[in-house]
Number of protein chains: 2
Amino acid sequence: MVFAGQGDPRRTLSLLWRAEAPPPARTGPGPKPRLSVDAIVAAAVAIADEEGMDALSMRAVGDRLGRTAMALYTHVPGKSELLDLMYDAVHAELPRSYQESAGWRAALTAWAGEVLEFYVRHPWVLQVSQARPVLGPHEYAGLDTLLALLRATGLPAGTLRRLVGTLFPFVRGSAQAVADARRAAAATGSSDEEWWAARSAALLELVPDFAERFPAVSGLEAEAEGAVEPYPDEDPGGAEAVPYLEREARETFRAGLGVLLDGIEAARVGRT
Amino acid sequence: MVFAGQGDPRRTLSLLWRAEAPPPARTGPGPKPRLSVDAIVAAAVAIADEEGMDALSMRAVGDRLGRTAMALYTHVPGKSELLDLMYDAVHAELPRSYQESAGWRAALTAWAGEVLEFYVRHPWVLQVSQARPVLGPHEYAGLDTLLALLRATGLPAGTLRRLVGTLFPFVRGSAQAVADARRAAAATGSSDEEWWAARSAALLELVPDFAERFPAVSGLEAEAEGAVEPYPDEDPGGAEAVPYLEREARETFRAGLGVLLDGIEAARVGRT
DNA sequence: TGCGACTCCTTACGGCGTAAAGTAACGTCC
DNA sequence: GGACGTTACTTTACGCCGTAAGGAGTCGCA
């Protein structure tokens, strides 16, 4: 995992909010910069999106911009701060508002779905630790959006804060599951089913008494055996079939969100 | 973040389940091994617990055992597999059973609390990616325990699987928040309140129109202002005061779990 | 015209994971 | 009992990483 919010808070904060106070159109001495904070952040995000966090190095970012790694240090204090900037930059993709006419439940469902897709689009964001949040403008905006939605539930402020602390991690966790499913599918040439079959075959060979040692797990598997529908008929629209593991992860997300919303509903009812 | 499950599955699996099939008491030629997989895993876990994941390197593990880094490679294929082993080894601390007399709700609450403490004890576990789970014996045992508890709700198998996929990430997320709060407290000399005050002061200076741009956030803060009770009277028992951020994180955990359990309750009622 | 500020490059250091090859201890068999 | 093959561990080295230090070239302004 990578940590954020490590550097000098003042420097990081002013970089994060730099759009608010654009550099005073300086035309001082020295050569014209051929690099900019925005270009650096964009290149870094592109690398992380395409090749994953492991491939993100200062040299890689420099290469992508046709510069050396050290050239970046003129514009950005270090890798940790660059990560903060990347983190906030992508959060600009989060939705900002919802029509409230459909009710809080529909709005929250839509919100959660969009945030899930956001994380799936940028899975490396899930690897940025939340310790000491470096709240930049776009992350604040995302928080503001959720809070505005939650206000419609009519619950008191203290409860709302706790709901934020529950909903965001829940969506993050679900996105992690989806992203993991995709990574697994991409890494192994085999399909999800094949991979899983090979895995459990090896396991059964190594642990013959599996069923006795883990009765609840194997009981569940046996019970679900019949329930696992085979691949559904291909969508006539021609959409690609979603692999098994990812479909499962998304279904877990949908169901978990339902449980959470039911819980919120219960809190509302209990309060009136 | 660090990835698990990268290596050869066969080799990793047999290492993970090695206790089941102990090495056939070989007394072949060659010097007696002065290192063992267990010793290596224990040393690695100790380093991760004490100094964090960043400090975990093959050289560090070797040093702690009085050997070189390369000596480890005789016993363990590589760092990635060592991580798998560490991950499963600590999961042995997870509780295995609960008395069901108190009802599923009490049992689930107790379970969640113990798992939370487990993660807080070994925060580096939260940094091990869940991609392609390397299910070792102890993690399976933890899963089995939760499933056995959930069975008491009487919900169908499919729902149970989704609940597992919701509950585990929820506890992980909550533990992350608690661990982050502790890290923040440890890293900065200042108290939570001071750190937060400095942060928001700098923010307010940089972003004077904060309240207008993020109405929901600042509205919530204003509303909660009066509600934040000052430090409660010191516990007469002499227990140390839990810092603000961590108290907040734990409260969010408690409340979020309540919401989830309410949701489960609703599912039960709706089904009967 | 030259000074000073500024961007970017080169070089270098100490870390990392681990491949390759060498050394020494031990059980086994002639 | 001595040679041999197997095994545990060390040494050395390679190519990565983040970044400190210092040098080279480019520009605005005095």
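If you're wondering where the values come from, they're calculated on a predicted model, not measured in any experiment. Throughout, protein chains are lettered first and strands after them, A, B, ... in sequence-line order, and every chain is numbered starting at 1.
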| message | Contact list please: residues 57-71 of chain B against DNA chain D, heavy atoms, distance less than 4.0 Å, in numerical order. | response | B:R67, B:T68, B:M70, B:A71
Using atom types as modelled, flag every donor-acceptor pair under 3.5 Å from a side chain in residues 63-73 of chain B to any protein atom, sequence neighbours excluded.
unit_1 : atom_1 : unit_2 : atom_2 : d
B:R64  : NH2    : B:E50  : OE1    : 2.7
B:T68  : OG1    : B:A71  : N      : 3.4

| request: Report the end-to-end axis angle of the helix from C:dT1-D:dA30 to C:dC30-D:dG1; each axis comes from five terminal pairs, and the value is rounded to 10°. | output: 30°
| With a 4.0 Å cut-off, would you call B:E117 and B:R121 a salt bridge? | no
| remark: When rounded to whole Å, the CG to C1' distance for the pair A:L35 and C:dT7 reads 9 Å
| said: Under 4.0 Å, counting only non-hydrogen atoms across every strand here, what does A:L56 touch: a base, just sugar-phosphate, or nothing? | reply: sugar-phosphate
| task | In whole angstrom, give the distance that lies between atom NZ of B:K79 and atom P of C:dC16. | result | 9 Å
| task | Take the protein atom CE of A:M53 and the nucleotide atom P of D:dG18, then report the distance between them rounded to whole Å. | result | 12 Å
| said: Whole angstroms only, please: what is the CG-P distance between B:L82 and C:dC16? | reply: 14 Å
| said: Could you walk me through whether B:H91 and B:F118 satisfy the ring pair (Phe, Tyr, Trp, His ring centres under 6.0 Å) test, starting with their C-alpha distance in whole Å, then the side-chain angles of each, then the deciding distance to 0.1 Å, before giving a yes or no? | reply: CA-CA 8 Å; B:H91 276 78; B:F118 161 75; 5.0 Å; yes
| note | note: A:D54, atom CG; D:dG18, atom C1'; distance rounded to Å ~ 15 Å
| task | State which residue, out of A:T12, A:L82, A:L15, A:D84, fulfils the side-chain contact (heavy atoms from CB on, under 4.5 Å) condition with A:P77. | result | A:L15
| task | Please report the shortest heavy-atom distance between A:A48 and A:M86, naming the atom on each side. | result | CB-CE, 3.9 Å
| query | Of B:I47, B:D49, B:L83, which meets side-chain contact (heavy atoms from CB on, under 4.5 Å) against B:W124? | reply | B:D49
| task | On the 0 to 90° scale, with breaks at 30° and 60°, tag the B:F210-B:F214 ring pair as parallel, tilted or perpendicular. | result | tilted
| task | Give the rounded distance in Å between these two atoms: CG of B:L83 and C1' of C:dG17. | result | 13 Å
| request: Could you tell me if the ring centre of A:F168 sits under 6.0 Å from that of A:W111? | output: yes
| Separation of atom OH in B:Y73 from atom P in D:dT10, rounded to whole Å | 14 Å
| Residue-phosphate contact under 4.0 Å: B:K32 side-chain N/O, C:dG27 OP1/OP2 | yes
| Quick one: B:H75 NE2 to C:dT18 P, roughly how many Å, whole number? | 16 Å
| query | Between B:D88 and B:E139, which heavy-atom pair has the shortest distance, and what is it? | reply | OD1-N, 3.0 Å
